[in-house]
Amino acid sequence: MEDDDQRVWPRRTPERDDDDPPWNPQLRRTADRFDYDEPASGERTPWESLPPSARLHGTPTAPSRQYRRRRGRWRHRLAAVLALVVAGGLVAGFAVMLQRASAPVAPDAALSDPHSGVGVRLPAGWREIAVPPVTGFTTAARDEAGGLLMIRKAAGVDLKALATDYAALLLQGDRTSIVTDSAVTHAVRAEYDDVVNRPAYLRVTLLTPERGGALLVGLLQPDDPARRRALDTLMDSVR
């Protein structure tokens, strides 16, 4: 006997009455064939010439007068809200400007070197920096334009030799000219042959032991008369 799993069973076809039509549902319309606005001439557009969306839902009609009035009210409300927001922003900006203009000016910061015992009040735009860029200096400050002031304790030093060393270290100019040469101050101006580096100014001032025994180094790059006068005034005010 053959195994039931290996038998070939005849394929059965469902019985159907030949009189029954095949099941093939058609897409039903949700709008009548002429459920749309007629043109002014009274002629109706043929059903076959309408697009599929118009055949299913009908052609769109003009919005009602009530809808237009409602939409107009919303537009006016949105315009009023937008105008209020803009006006509020302008008022807030004006208030901030008045507050900044009436705010008191912060006092100048003070720069003090604990090793030499000298200090100076920094003008606006200057700030103290944590680590001086040159080894040996214990206090330093810098301005927004790149000016530099450094302070360290010093006594019995050769002022001109120090000025020459610092000029070679910090300026490295192609040509150097002496601006000031006195017992306590030596200043030089460095110029460069390239078009990138602008002239620089270096001033070295030695405060005598009666004034604290400190060495001050000021540096400007680029150098210009107004900034040089400001740096000289700052260094002269160190006490």
Checklist entry - Cut-off 3.5 Å, side chains only: do R203 and T205 have a donor facing an acceptor? => result yes
Item to check | From R189 atom CZ to L202 atom CG, the distance as rounded to the nearest 0.5 Å | outcome: 13.0 Å
Checklist entry - Mind checking whether V217 and V134 have side chains closer than 4.5 Å, heavy atoms only? => result no
Checklist outcome for this item: In terms of heavy-atom contacts, A141 and L111 come closest through CB-CD2, 3.8 Å
Next on the checklist: Tell me the closest heavy-atom pair linking A190 and L171, and the distance in Å.
Outcome noted: CB-CD1, 3.7 Å
Checklist outcome for this item: What one should report as the nearest heavy-atom pair of L234 and R121 is CD1-O, 3.9 Å
Item to check | Salt bridge R152-D113, side-chain N to carboxylate O under 4.0 Å | outcome: no
Checklist entry - With sequence neighbours excluded, what pairs up with R227 under the side-chain contact (heavy atoms from CB on, under 4.5 Å) test? => result D143, A145, L220, P222, D224
Item to check | Nearest atoms (heavy-atom pairs only) where S116 meets G213 | outcome: CB-O, 4.4 Å
Next on the checklist: Side chains of L219 and L231, heavy atoms from C-beta outward: is any pair under 4.5 Å?
Outcome noted: no
Next on the checklist: Within the structure provided, determine whether P114 and T139 are in side-chain contact (heavy-atom separation under 4.5 Å).
Outcome noted: yes
Next on the checklist: Show the nearest heavy-atom pair for residues W126 and L148, with the distance to one decimal.
Outcome noted: CH2-N, 3.9 Å
Item to check | Shortest non-hydrogen separation from Q172 to L169 and the atoms involved | outcome: NE2-O, 3.5 Å
Checklist entry - Should P133 and M150 count as side-chain neighbours, where that means a heavy-atom distance under 4.5 Å? => result yes
Checklist entry - Could you give the distance from CG (L207) to NZ (K153), rounded to the nearest 0.5 Å? => result 13.5 Å
Next on the checklist: Using a 3.5 Å distance criterion without hydrogens, assess whether the side chain of R239 forms a donor-acceptor pair with backbone atoms of D236.
Outcome noted: yes
Next on the checklist: Within the structure provided, determine whether I178 and H186 are in side-chain contact (heavy-atom separation under 4.5 Å).
Outcome noted: yes
Item to check | Contacts of type side-chain contact (heavy atoms from CB on, under 4.5 Å), residue N197, not counting sequence neighbours | outcome: Y192, D194, Q221
Next on the checklist: Within the 4.5 Å heavy-atom criterion, are D232 and Y201 side-chain neighbours or not?
Outcome noted: yes
Item to check | Distance in Å, L206 CG paired with K160 NZ, rounded so as to fall on 0.5 Å steps | outcome: 13.0 Å
